[in-house]
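Notes follow once the structure below has been shown.
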Amino acid sequence: MSFLKPKTHIEEGDVVILYLSVNSMHAIEAVPTIVNKKGETIVHIFQTPYGSLKVQSIIGVEYGSRVELSKGWAHVLQPNPELWTQTLPHRTQIIYTPDISMILHQLEVRPGAVVLESGTGSGSLSHYFLRALKPTGRLHTFDFHEARADQARDEFQRHGLGDFVTVHHRDVCNLGFTSELDGVADAVFLDLPSPDLAVPHAFKALKLSGGRFCSFSPCIEQSQRCIEVLTKLGFNEICSMEVLQQESVIKTRSMPVIDLEFLKAPKDVEANATIDDSKTKEPKELKKYLTSSNPQVLPGHTGFLTFATLPPNIPKA
């Protein structure tokens, strides 16, 4: 239940983020015992590079506290969508925070909205949608793979989000979003191999008052085919973009100050001064500057985001 609302202390059954460093975090369930591969109930002990943690010892501990490991220490944090994206079990490829932030902004996701998502996958984006929709909105998420849909449904229940989401096992490209969802959605998001096949179903699902559309595609050809269908159906404000998060390397550099006084003197005086300077050289004045540069390794391609708006009162017959 640790995703539902802010909490002060860890309760049994909570999902907890065990923070070792920026690049080393783990999601663990705060339960005293677990069942091993042999079907035996054993004490829940979590192993880390800094030693083991007896998980029962963190139940009742305040979130944000430092906990002792057998060879070091860590911090226990309450999970949020950002931390969950970095620690979740990968059932599929996932979308990360730079793309997710643009998706939430462009789809205008807000409390009370109804959002349809096709391609539940590992549930990374779903958790962001749910945080933005609560407490009066609804997420309908679809996956064609039955086992993945069942896993996602169980995961949302364990996280305390089951009241705000409905998980569907359905092939949206061929079967659509179900007739019950026609004309109810404020926004539709697609993460599918052939998004162009699902665009007509998204068109039917969006409200008569209009709505927003987004598709995530690794290849530009997928985006192009999607745009062709969007244009035929009357969508406008169509655009495709790529979001790349780039780090800036900030350093303080010392640079010598160039003395330009010699430009004011005649050439003969300048020649004599050069001889004198060669005899008694003084250290040059240095000034410190704050500089910014790009890192040696730049971020790689993730995918293309295609956005569109369905205007109000478009006939859907």
Which word best sums up how the rings of H159 and F3 line up, parallel for under 30°, tilted for 30 to 60°, or perpendicular for over 60°?
-> parallel

Ignoring hydrogens and angles, tell me if any N or O in the side chain of S292 forms a donor-acceptor pair with the backbone of I250 under 3.5 Å.
-> no

Distance-only, no hydrogens or angles: does the Q78 side chain make a donor-acceptor pair with backbone N or O of K7 under 3.5 Å?
-> yes

Ring centre gap for F177 and H201 strictly below 6.0 Å = no

Give a yes or no answer on whether the side chain of K134 reaches the backbone of L4 with a donor-acceptor pair at less than 3.5 Å.
-> yes

Do S124 side-chain atoms and I95 backbone N/O form a donor-acceptor pair below 3.5 Å?
-> yes

Is a side-chain donor-acceptor pair under 3.5 Å present for T166 with R138?
-> yes

Donor-acceptor pair, side chain of T306 and main chain of S240, under 3.5 angstrom = no

Listed once per pair and sorted, the ring pair (Phe, Tyr, Trp, His ring centres under 6.0 Å) pairs that draw on residues 28-63, sequence neighbours left out | H26-F46

How many angstroms lie between atom CG of N36 and atom OG1 of T41, to the nearest 0.5 angstrom?
-> 8.0 Å

Does the side chain of T97 come under 3.5 Å of the side chain of E82 through a donor N or O and an acceptor N or O?
-> no

Is there a donor-acceptor pair closer than 3.5 Å between any side-chain N or O of R225 and the backbone N or O of S194?
-> no

At their closest point, which heavy atom of I58 faces which heavy atom of A30, and how far apart are they?
-> CD1-CB, 4.5 Å

Between L192 and Q222, what is the shortest heavy-atom contact and its length?
-> O-NE2, 4.1 Å

Check V243, T302, T85, L125 against Y96 for a side chain to side chain contact (heavy atoms under 4.5 Å, CB included) and give me the one that passes.
-> T85

Sort out for me which residue in V165, I103, I100 forms a side chain to side chain contact (heavy atoms under 4.5 Å, CB included) with F129.
-> I103

Would you call D186 and R212 a salt bridge, taking side-chain N to carboxylate O under 4.0 Å as the test?
-> no

When you look at NE2 of H90, are more than 12 heavy atoms from neighbouring residues, nucleotides or ligands closer to it than 6.0 Å?
-> yes

